[in-house]
Amino acid sequence: MAKGQEQAKTRGKKTKNILNYPRSGVRGWTRFLPSIRLLVVGGLSIIIALCVLFSIGYAATDVPEPNIEATGQTSTIYYNDGKTPIGQYKVQDRKSVKIDEISEPMRKAAIAAEDTSFYENRGISIKGLSRAVVGVVTNQYAGGGSTITQQYVKNFYLTNEHSLDRKVKEMFISLKIDQQQSKDDILANYLNTIYLGRRSYGIEVASQNYFDKSAKDLDVSESALLAAMIQRPGAADPADNPEAYQDRFDYVVKSMTDEGFITEEQAAKVKMPEVKEASKEESLKGQTGYMWEYVRREALRKLDIDEAQLDRGGYNIVTTFDKDRMKEAEKAIKNLPSDQPEGLQTGLVSIDPDNGGIEAFYGGKNYLDQAFNVATQGHAQAGSTFKPFALVAGLENGVRLTDRYPGSPTTFNSDGTTWTPHNFGNASYGPVTLLKATQSSINTAYAALNIQVGPDKTVDVAQRAGLSGNCTDKQMKTGDTRNCTIGLTPNMSNVLGTPSVKVIDMANAFATFASNGVKHDAHSIKTVTQGENDEEVYKSDTKGDRVFDKAVAAETSYALSQVVNGGSGSYAQQLGRPAAGKTGTTSSNKAAWFSGYTPNLATSVVLYREVDGKSVSIGSYGGRGEVTGGSFPIQVWTEYMKAALEGEKVEQFPERGELPDKPKPKNTNEPVAPAPKPEPKAPSGSNDGSDGGDGSDKKAPVDEPSEKPKDDEDKGKDKDADGKDDSKDDGKDSKDSKDGREDNGSSKDGDGGSKNGDTGGSDNGNGSDTGGSDNGNGSDTGGGEDGSGSDTGGGENGDGDPVGVVSPGG
């Protein structure tokens with residue numbers, strides 16, 4: 001080997017990597033372990049890089065101008081024409097005060113609640129920031145962890161956007177604000193800009209609104225409550241529901257004690273303070289307030305913003321409400337007889353089946369007197385308006401309108417539980433087809449159908465159509481039932497209407513029928529724009545989802561149209577265009593419904609009565625001994641719909657088609673052979689408010705078609721006459737000339753009513769008062785001593801009315 005080559009080889013062995021990695025002179029895998037030198041150099045490099053990035057970010061981030069929300073831009077809501085205003089969301093009052101005009105307990109309570117290290121930190125919390133960054137990256141950001149300075153920066157300069165970019169900006173701006181302002185100034189600015197409910201911005205306004213005193217006079221308990229509200233100011237009004245803030249209130253008091261702001265002896269004496277009632281705004285009187293509040297809640301949810309942002313964000317919100325239809329709804333209800341009993345409530349919701357938009361509703365007489373919205377918050381047992389869900393479940397599973405069911409009192413046995421429902425007036429019809437059972441609302445037949453297809457399938461159809469899910473134990477305990485249905489459980493008596501349903505949900509479900517099986521979510525907001533250029537920030541989804549087969553939906557509309565054409569809803573023939581629907585009356589006459597639709601509008605109407613928070617019988621009203629779904633509810637519905645649809649094109653329901661070929665569940669209660677046609681026992685005709693029961697403690701809900709309310713004597717005569725007519729129609733089957741399917745009474749029953757001298761829209765058109773009865777909501781189902789198996793249970797009298805109507809606030 002040449003000498004030069006040997007020297008070069010030696011130099012190569014002696015030359016070392018600057019970082020000594022992999023480490024020389026070490027054998028095996030350990031040579032890949034980083035040396036101390038590498039660790040030190042790497043750590044210093046990272047620190048230097050972070051410092052450089054931090055310096056660049058700090059220098060590049062300027063304190064911006066206050067955001068739109070901070071400057072207080074008014075948000076406006078409009079009717080569906082986009083021009084006529086309904087109302088506004090805005091800052092009603094604002095007053096900034098200096099730090100020495102805020103009581104010491106209030107300052108300390110805010111620090112104890114939101115940032116115990118406020119006077120020590122430099123505007124940011126490394127621990128809180130790290131938690132927020134991890135939350136944003138993992139898409140599990142839950143808020144919290146920000147210092148008072150950061151919250152002030154977010155509220156005044158930035159937005160509630162959940163992004164890493166916003167969090168980084170918030171950090172740099174907070175550092176600069178901490179350098180520019182004193183801690184007392186920051187705390188004062190923070191307390192002057194926070195939102196505390198009741199459209200109160202700043203501690204001074206909130207103090208006046210809740211306690212009728214200045215912020216400088218707030219004591220420990222009042223300060224602790226306001227501090228407890230900072231996190232969730234819109235959760236509840238403490239005057240109505242102080243329990244919503246009790247846990248946070250206790251936390252603030254404990255934190256004040258831990259920080260040495262108050263002694264344990266003082267803390268033991270701190271109790272939830274008395275709060276004055278909220279003041280009322282005259283601009284929200286009548287139906288305006290109901291629209292204002294409903295749209296507000298929907299906007300907060302759909303835009304994912306808080307109340308402060310809505311009131312100060314400058315949004316233009318175009319709703320689905322039609323000004324003329326709102327007036328017509330109110331007019332129709334105001335035309336009800338004036339001798340209304342104490343606690344009578346009326347609700348109406350009208351929905352466009354094509355998109356789910358709420359065209360009109362009636363929430364109560366006056367929002368300023370009763371903020372509780374009957375149309376969107378009130379619950380009443382559904383009565384026979386629940387039967388169409390079992391009808392759809394049957395049609396989806398091989399059942400046909402020509403299938404026969406028992407029309408007389410029958411004892412059913414399901415999983416070892418027996419149940420003997422009755423028809424109104426204890427009437428007996430003999431074997432009837434499903435079409436006849438629908439037209440005349442025969443309880444025994446629908447009970448058999450529900451057992452055949454399964455109560456769980458009836459519940460499933462109800463929810464697919466538009467009913468909210470069953471209320472949880474927590475929702476029932478707290479009374480927050482605005483987003484659920486009470487008693488929506490799969491028991492065999494649910495078909496008779498034991499669940500307590502919201503009017504808006506029932507209207508939404510019937511709108512699904514009207515749209516031939518396409519469900520749209522009921523909503524009140526069409527579009528939302530913001531800023532000088534009206535940039536669109538939200539648009540409602542109106543596509544909808546098909547939840548029922550077209551043929552099933554068409555068959556359902558056909559069956560429900562027979563209710564109007566000659567059944568318990570015959571009064572609605574006065575509409576003068578194709579219509580379908582279902583009446584419903586609950587046991588003990590506690591609620592009465594009519595839910596119906598044309599192909600272009602669905603509307604649900606309910607009357608119920610509540611006294612001292614309890615559901616009670618409507619009783620005698622408007623010249624009637626009892627109010628049924630076929631009386632005042634259908635009259636309101638018809639009057640409203642005639643006005644609402646004036647000038648609208650007359651549309652026909654879809655043609656009936658080929659139903660799904662599904663294996664039919666065995667009908668263990670199917671009549672063996674057509675029975676003789678018995679004379680049904682007519683109702684007594686008495687108008688004492690009873691439901692025409694069978695002499696037992698349990699009473700059956702009723703429904704009867706009606707023209708204008710009649711006096712007691714005339715009403716009794718109608719019942720007797722109609723009861724006889726109905727029996728004559730039983731058992732008459734006919735062929736449908738178009739498709740050869742047996743419809744059993746699709747035309748014959750109507751003819752029978754006509755032959756007795758009554759017009760198609762009269763009370764007597766099809767055995768109305770008896771045949772058209774609506775033993776509404778499972779009066780015999782109970783769930784009490786008779787062991788019916790009803791999950792919703794019954795009251796002491798076994799009338800299947802365990803829950804009645806949720807009181808205001810539910």
Side-chain angles (χ1 to χ4, degrees), residues 63 65-74 90-116 118-119 123 146-158 173-174 177-234 237-239 245 248-249 252-253 255-256 259 261-262 270 273-276 278-279 306-309 311-312:
V63 177
E65 292 297 318
N67 59 30
I68 293 177
E69 287 81 6
T71 56
Q73 299 294 317
T74 298
K90 59 183 179 180
V91 178
Q92 288 295 90
D93 196 6
R94 180 198 298 274
K95 183 178 180 181
S96 296
V97 293
K98 297 179 180 179
I99 193 68
D100 57 4
E101 295 179 87
I102 302 172
S103 73
E104 185 176 354
M106 185 64 240
R107 285 180 263 164
K108 291 180 176 179
I111 291 171
E114 299 298 318
D115 184 7
T116 55
F118 173 67
Y119 279 104
S146 296
T147 65
I148 282 177
T149 308
Q150 288 175 276
Q151 292 183 51
Y152 165 57
V153 167
K154 180 190 70 174
N155 292 338
F156 199 71
Y157 297 106
L158 301 174
I173 297 172
S174 298
I177 291 294
D178 191 74
Q179 295 295 316
Q180 297 171 4
Q181 301 178 17
S182 69
K183 286 292 187 181
D184 283 350
D185 287 342
I186 292 173
L187 181 59
N189 289 336
Y190 169 70
L191 291 174
N192 281 322
T193 56
I194 57 175
Y195 177 68
L196 289 167
R198 288 191 183 178
R199 305 171 80 183
S200 302
Y201 296 86
I203 194 64
E204 177 65 20
V205 176
S207 181
Q208 296 285 354
N209 284 346
Y210 288 107
F211 304 112
D212 201 20
K213 61 171 62 175
S214 297
K216 64 181 176 20
D217 299 322
L218 291 169
D219 61 24
V220 173
S221 64
E222 294 163 344
S223 300
L225 175 57
L226 291 176
M229 294 172 63
I230 292 174
Q231 276 194 354
R232 296 165 56 236
D237 191 302
Y245 297 107
R248 186 67 179 172
F249 176 83
V252 174
V253 174
S255 181
M256 292 180 74
E259 293 300 315
F261 296 154
I262 59 175
V270 177
E274 290 290 328
V275 179
K276 77 170 189 176
S279 60
D306 59 29
E307 291 192 288
Q309 290 174 290
D311 289 342
R312 300 182 293 183

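Keep in mind that this is a model prediction, so the values were computed, not measured.
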Checklist line | Between NZ on residue Lys213 and NZ on residue Lys276, distance to nearest 0.5 Å | finding: 12.0 Å

Check: Would you say the side chain of Ile186 lies within less than 4.5 Å of the side chain of Phe118, judging by non-hydrogen atoms?
Finding: yes

Notebook entry, point to check: Going by distance alone, is a donor N or O of one side chain under 3.5 Å from an acceptor N or O of the other, for Ser182 and Asp184?
Noted result: no

Notebook entry, point to check: Just by distance, do the side chain of Thr116 and the backbone of Ala112 share a donor-acceptor pair under 3.5 Å?
Noted result: no

Note to self: Give me the atom names and distance for the closest heavy-atom approach of Asp219 to Ser223.
What the structure shows: O-OG, 2.7 Å

Check: Do you know the tightest heavy-atom contact between Tyr190 and Ile230?
Finding: OH-CG2, 3.4 Å

Checklist line | Closest approach of Ser207 to Ala215 (non-hydrogen atoms, all atoms of both residues) | finding: OG-N, 3.6 Å

Item checked: For the student: nearest non-hydrogen atoms of Val253 and Ala224, plus distance -> CG2-CB, 4.0 Å

Check: Say you draw a straight line from CG of Asp306 to CD of Gln309; how long is it, rounded to the nearest 0.5 Å?
Finding: 4.0 Å

Notebook entry, point to check: Do Tyr152 side-chain atoms and Ile177 backbone N/O form a donor-acceptor pair below 3.5 Å?
Noted result: no

Next item on the list: Find out whether Tyr195 and Asp311 are in side-chain contact, i.e. whether some heavy atom of one side chain is under 4.5 Å from a heavy atom of the other.
Entry: yes

Check: Is there a donor-acceptor contact under 3.5 Å linking the side chains of Asp178 and Thr149?
Finding: no

Notebook entry, point to check: Is Gln208 reaching over with its side chain to a backbone N or O of Val205, donor-acceptor style, under 3.5 angstrom?
Noted result: no

Notebook entry, point to check: Is there side-chain contact between Arg107 and Leu187, with at least one heavy-atom pair below 4.5 Å?
Noted result: yes

Checklist line | Asn192 side chain near Val97 side chain, heavy-atom distance below 4.5 Å | finding: yes

Next item on the list: State, to 0.1 Å, how close Tyr210 and Arg198 come at their nearest heavy-atom pair, and which atoms those are.
Entry: CE2-NE, 3.4 Å

Item checked: Short N-O contact, Lys216 and Asp100, less than 4.0 angstrom -> no

Item checked: Asp217-Ser214 side chain donor-acceptor pair, cut-off 3.5 Å -> no

Margin query: Keeping Ser200 on the side-chain end and Gly197 on the backbone end, is there a donor-acceptor pair under 3.5 Å?
Written below: yes

Check: Are any non-hydrogen side-chain atoms of Thr193 and Tyr201 less than 4.5 angstrom apart?
Finding: no

Next item on the list: Measure from the side-chain N and O atoms of Lys108 to the backbone N and O of Met256, and report whether any donor-acceptor pair falls under 3.5 Å.
Entry: no

Check: If you measure from the Lys or Arg side-chain nitrogens to the Asp or Glu carboxylate oxygens, is any gap between Arg248 and Glu114 under 4.0 Å?
Finding: yes

Margin query: For Leu218 versus Ser103, what's the shortest heavy-atom pair and its separation?
Written below: O-OG, 3.0 Å

Item checked: Backbone N/O of Pro233 and side chain of Tyr245: donor-acceptor pair under 3.5 Å -> yes

Notebook entry, point to check: Is the NZ atom of Lys98 crowded by more than 12 outside heavy atoms at less than 6.0 Å?
Noted result: no

